[in-house]
Structures are given as C-alpha cells and as structure tokens.
Amino acid sequence: MHMPNRRKFFNRLVAGTGMALLTGCDKLSNSKWFTEVLSSGESLSKHAHHLIANRKSMAQEFSEKDLSPDFRSNGTALPNNAEYQVMANNAFEDWKLTVGGLVVHAQAFTMADLQALPSRTQITRHDCVEGWSAIGKWTGVPLHEVLSHVKPLKRARYVMFYCADPMAADGTKLYYESIDLDDAYHPQTMLAYQLNDKTLPIKNGAPIRLRVERQLGYKQAKYIMRIELVDTFDHIAGGKGGYWEDSGYEWYAGI
Amino acid sequence: MVTHIQKPGVIYRHTLPIRIMHWVNVICFFVLLMSGLNIFNAHPALNLGKSSYNGRPPVFELTAEATNSGELKGITNILGHKFDTSGLLGTTYTASGKAVARGFPYWMTLPSAQWLAMARHWHFFFAWLFVVNGCCYLLYSFMTRHIQRDMVPAKRDWASIGQSIKDHIRFKHAKDEEAKRYNVLQRLAYLTVIFILLPLIILMGWAMSPFLNSLLPGWVDIVGGRQSARTIHFIVAWLLVAFVFIHVFEVMITGLWNNIRSMITGYYSIDEHKEGN
C-alpha cells in the first residue's frame with residue numbers, strides 16, 4: 001500500500017469507528033438496562049459521600065462580599081397558575097402552608113406563624129446542575145422547627161414539597177421535590193422567606209422556597225404550597241421523588 | 001515494562017494487567033471527555049471565583065449571536081477576545097443547513113444530542129470506573145516497581161535530556177537496546193499525567209460536588225472557589241487531550257502496528273525499527 005492510501009484508509013477507519021461508536025452509545029443511552037447500569041453510579045456516590053462525611057456536615061457559608069449582585073432566577077420566574085397569581089397579588093396574605101401526611105398533628109402555617117418561629121440566616125452558594133453558581137443570603141425557618149410542631153410518625157422517611165409552578169405549558173405537571181429525614185433535620189435546611197434581607201422575590205420562589213444546602217439547585221423547590229411526610233414516593237407523579245428526577249436526573253443531588 | 005527475551009529481537013513489554021488497564025483507561029478517557037463536553041454545553045461558560053455571578057465576566061464562553069441577516073454566528077470568547085467559530089463552537093449546522101446555538105458540536109459529545117441528565121449518568125459511572133482502574137494501576141505499578149524502574153528518570157536519563165529533546169523535535173526515535181526503555185521525556189510525560197494532571201482533574205471534579213464541599217468547609221477556596229475548580233477541570237481535560245494526541249502521534253511514528261500489538265499481546269519487536277516502518 002502506498003503511504004497516501006494507507007493514511008486515507010487509516011483516517012476513514014478512525015472516522016468510521018468514531019461514528020459507529022457514537023451511534024452505539026446513543027443506542028445504549030436509550031436502552032433501559034444500560035441506563036440502569038449507569039445509574040448505579042448514583043447510589044455508589046451517595047454511599048461513598050456518606051461514608052466519608054458526617055450526615056450533619058455543614059455547607060460552606062460565605063461573607064457579604066461574596067454575594068451575587070443579582071440572584072439568578074432559573075426555570076420558572078412567575079408560575080403560570082391563576083390561583084398562585086391571586087395569592088401573589090395579595091402579598092400572600094391568604095397563603096397557608098399545610099404540613100401533613102405521616103405526622104401526629106397536621107397543621108397549617110401562615111407566614112406570620114412561620115416568622116414567629118426561630119429563624120436562621122445563612123449566606124450559601126446555589127449550584128445549578130447546569131454548572132453555574134450564585135451566592136445568596138437566605139433567612140427562613142429551619143425545617144426541623146416546623147417538624148417539631150407536627151411531630152412526624154416513626155414510619156415517615158421522606159419530606160415531600162408540592163409547589164405552585166406548573167412545568168407543562170398547559171398548566172399541569174406541578175413542580176415537586178423530596179428529601180430524606182437526615183437532610184430535613186440538618187441545621188441549614190430551611191424554608192426561606194427572605195433573600196438578601198428582602199422579602200423573597202417571586203422570581204426566586206415567593207412566598208417560601210426550600211434551602212437544602214449540600215445538594216444541587218433543582219432540589220431547592222420554589223413556590224411551596226404543601227408539605228407531606230411519606231414513607232415512600234413510588235406512587236407520587238413519576239415515582240422518582242421530584243419533577244426533574246422523573247425526567248432522569250438523580251434523586252441524590254449531592255454531586 | 002518487563003523484558004523477558006522470547007526470541008531475538010522480540011521483547012515482552014506490557015504485562016496482561018497493564019494491557020487491560022490501558023484499554024479500560026482509553027474507554028474511560030473518551031467517555032469522560034465527551035460526556036463532560038455535553039455537561040459543559042448546559043452552561044457553556046467558565047468563570048473564576050466562588051460563583052458565576054460575581055461581577056466579573058466569564059474567562060471562556062461559547063455563544064451564538066444573531067447577525068443582521070438573522071443567521072446565528074458561533075462565537076468563542078476567550079478572555080474577552082471574540083472569534084467566529086460558526087459551525088464548530090457556539091453554533092452547529094443541522095442536517096438542513098440551519099445554524100443552531102450549541103457549545104461543542106454533536107460529534108464531540110456523549111450523548112450526541114444535548115441531554116444533560118444522561119451525560120451526567122455516563123460521566124459519573126465512568127468516573128468511578130476510571131478512579132478504580134487508576135487505583136489498581138497505581139497499586140500494581142508500585143508493587144511490580146513499574147513506576148520506580150520504568151518511569152522515575154535515572155541519572156543517565158537526566159543526563160540525556162538535552163539529546164532527548166533534540167531527538168523528539170527531529171522525530172528521531174530510539175533503536176535496539178535504547179528502544180527497550182522509556183526515554184526521559186516519555187518518563188516525565190507519564191509521571192506528569194499520572195501524578196499531577198489526573199489527581200488534579202479528579203480533585204476539581206470533587207470540588208464541584210456540593211456535598212463534598214461540606215467535607216471541610218472552605219477547602220474549595222484553595223483554588224479560588226467552585227467556579228475556578230470548574231475552569232481548572234476543563235483546562236486539565238484539554239491538557240489530557242493534548243497528551244493523548246502526542247501519545248498517539250509518537251505511537252504512529254515509532255511503529256504503529258508494533259506498538260499497538262505490544263499493547264494487545266504484550267510483545268514488542270525491536271528489530272522492526274530496521275524495516276523502516
């Protein structure tokens with residue numbers, strides 16, 4: 001073989017193999033069994049994380065000079081939901097947070113009720129799954145304060161957050177999220193009602209949004225309307241514990 | 001690099017574990033690189049500092065700008081310098097010839113479509129495989145003294161560094177006895193990759209994990225914060241690509257099939273150099 005021919009053959013071999021592999025990998029991405037194999041990395045990561053770090057390890061807190069000038073709004077900036085918009089127009093005076101499910105005392109909290117509970121302020125970094133980060137100062141009621149009022153039953157394993165923002169254009173598929181009790185009782189996990197010393201803006205999740213530091217942005221549910229304690233979320237929506245989880249994102253978002 | 005003499009002119013160069021780990025590494029490298037570029041495409045900008053929104057513009061960004069005619073133009077922005085990279089970076093042409101906004105093109109990413117959730121599954125699964133493979137490699141190579149004997153430059157290697165640089169520039173490669181051992185630049189390249197670049201890219205990956213940040217609050221600030229870590233992760237990935245390019249180039253000019261055979265069967269011919277392959 002002459003050199004140019006050999007080189008041409010080699011180049012074609014490399015390009016051809018590359019395209020075949022790329023197509024093959026795309027086929028694998030769409031197969032159920034392979035996706036399950038790949039997803040096994042998630043539980044490996046979760047267990048490894050919990051092996052090396054304490055479940056109560058604290059997320060880094062920052063100083064005022066680190067604050068992002070404008071805290072980016074991602075996903076929904078104004079829920080396409082008539083009921084929500086009526087409440088928003090009335091400064092959420094009629095909004096009540098119901099906390100129920102597997103609890104001893106189901107309760108509804110007004111904003112005044114929540115603000116009467118002990119509060120916490122923290123400057124933390126919000127890490128979006130897309131790759132960007134923003135730093136904000138959050139003030140809110142630690143979730144454990146709310147839970148101590150409703151008293152979860154022993155059977156309860158997860159806290160579900162049901163939100164007002166529809167993810168489908170026709171106004172359906174309301175956003176929801178879930179966390180386990182370790183995160184629910186973590187000192188930095190809170191229902192935030194203030195951002196950067198001001199009432200939480202609508203674009204960032206008014207009247208309250210979840211802060212579950214040590215996990216990615218899609219866990220930080222905005223526009224929370226209802227909280228429910230459950231022992232399993234298999235029967236809720238897509239069964240994966242959250243809106244984005246139902247579309248293939250990891251339930252454990254510590255990575 | 002074990003050199004049992006099988007027949008004159010042929011040496012047993014790579015043991016079975018090394019060969020297996022090499023090819024596992026090849027697979028991991030391509031999957032991690034391409035799924036990494038898909039993840040990058042979800043937010044095709046790199047910043048320095050603790051957050052992306054700190055008043056300073058990105059140091060690197062792939063964007064699409066609309067021209068007067070309404071066409072999209074792909075722009076690569078490096079430290080404020082803009083380059084038109086339409087069709088390759090910033091925009092990609094669809095089958096019908098229409099330009100669409102997209103960081104890296106489909107043939108560089110895994111999956112080829114923009115699919116962040118799936119890219120993350122690929123990336124994290126193969127990251128585990130890569131780290132486990134790397135740990136096995138280190139354990140094996142230290143125990144068999146592969147690192148100490150074949151990679152750490154000996155006195156004579158340091159003495160030959162000037163000559164080795166000259167040889168590389170002239171694409172002149174070792175023959176006979178000298179071809180049995182790694183040359184000094186090769187040794188330094190392998191050591192740099194194994195003990196600097198790979199640990200660094202893994203560490204910068206961990207630095208992006210919000211949970212691992214809580215291991216020791218503030219540790220990520222050593223490199224300037226999470227967004228700096230993301231930028232370093234990206235840069236090291238391309239340094240590794242550069243290494244792979246040089247590695248494959250050297251493999252090709254020093255006897256492509258002989259080298260590939262030695263990484264498949266273990267046997268490497270010293271005589272073959274004379275055939276002018």
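We name chains A, B, ... by the order of the sequence lines, and we start the count at 1 in each one. Not measured: the values here are computed from a predicted model.
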Hey, what do you get for CG (B:L129) to CG (A:L44), rounding to the nearest 0.5 Å?
11.0 Å
Chain B contacts, top residue of A:K65, A:E213, A:E61, A:H50 (heavy-atom pairs, under 4.5 Å):
A:H50
Identify the two heavy atoms, one from B:A117 and one from A:S247, that lie closest to each other, and give their separation to 0.1 Å.
CB-O, 4.2 Å
CG of A:D183 to CZ of B:F211: how many Å apart, nearest 0.5 Å?
8.0 Å
Quick check on B:W219 against chain A: is it the side chain, the backbone, both or neither that has a heavy atom closer than 4.5 Å?
neither
Do you know which two heavy atoms are closest between A:G41 and B:W128, and how far apart they sit?
O-NE1, 3.7 Å
Shortest non-hydrogen pair, B:Y53 vs A:A134, comes out as CD1-CB, 4.1 Å
Is it the case that atom OH in B:Y106 sees more than 12 heavy atoms from other parts of the structure closer than 6.0 Å?
no
Answer yes or no: is there a donor N or O on one side and an acceptor on the other, between the side chain of B:S52 and the main chain of A:S133, under 3.5 Å?
yes
Max heavy-atom pairs within cutoff under 4.5 Å with chain A, candidates B:P217, B:S51, B:A45, goes to B:S51
Using side-chain heavy atoms (C-beta onward) and a distance below 4.5 Å, is A:Q60 in contact with B:D221?
yes
Within this structure, what is the OG-CG distance for the pair A:S57 and B:L216, rounded to the nearest 0.5 Å?
10.5 Å
Contact origin within A:F71 toward chain B - heavy atom pairs under 4.5 Å:
neither
Can you tell me which of A:S68, A:S29, A:A59 forms the most heavy-atom pairs within a distance under 4.5 Å of chain B?
A:S29
Residue, of B:F30, B:W122, B:F124, B:F40, that accumulates the most heavy atom pairs under 4.5 Å with chain A
B:W122
Spacing of A:H49 atom NE2 and B:L215 atom CG [to the nearest 0.5 Å]
9.0 Å
Surrounding CZ of A:R157 (heavy atoms of other residues, nucleotides or ligands, distance under 6.0 Å), is the total greater than 12?
no
Looking only at heavy atoms, what is the nearest atom pair of B:R120 and A:I255, with distance?
NH2-O, 2.8 Å
I'd like to check A:W132 versus B:N47 (side-chain heavy atoms, cut-off strictly below 4.5 Å). Are they in contact?
no
Only pairs of heavy atoms separated by less than 4.5 Å count here; which of A:S39, A:G18, A:C128 has the most with chain B?
A:S39
Using a 4.5 angstrom heavy-atom cutoff, name the option from A:P69, A:G131, A:A53 with the most pairs to chain B.
A:G131
Do A:D66 and B:N54 have side chains that approach each other closer than 4.5 Å (heavy atoms only, starting at C-beta)?
no
For A:K203, look at atom NZ and say whether over 12 heavy atoms of other residues, nucleotides or ligands are found less than 6.0 Å away.
yes
Give a yes or no answer on whether the side chain of B:S209 reaches the backbone of A:G254 with a donor-acceptor pair at less than 3.5 Å.
yes
Around atom NZ of A:K56, are there more than 12 heavy atoms from other residues, nucleotides or ligands closer than 6.0 Å?
yes
Please classify the contact of A:T23 with chain B as side chain, backbone, both or neither, using a heavy-atom distance under 4.5 Å.
neither
Nearest heavy-atom pair of B:K50 and A:R125: which atoms, and what distance?
O-CD, 3.2 Å
Roughly how far apart are A:R214 CZ and B:S214 OG, rounded to 0.5 Å?
5.0 Å
Check: A:L38 and B:M118 side chains under 4.5 Å, non-hydrogen atoms:
yes
Chain A contact via B:L116 - which portion, at a heavy-atom distance below 4.5 Å
both
At a 4.5 Å cut-off on heavy atoms, which part of A:I52 comes close to chain B: side chain, backbone, both, or neither?
both
Give me the contact list for residues 225-246 of chain B versus chain A, heavy atoms only, anything under 4.5 Å, ordered by residue number.
B:R226, B:Q227, B:R230
Check the pair B:M34 / A:L22 against side chain to side chain contact (heavy atoms under 4.5 Å, CB included), numbers first and verdict last.
CA-CA 10 Å; B:M34 295 170 71; A:L22 206 57; 3.3 Å; yes
Has the side chain of B:H121 got a donor or acceptor atom that lies under 3.5 Å from a matching backbone atom of A:G248?
yes
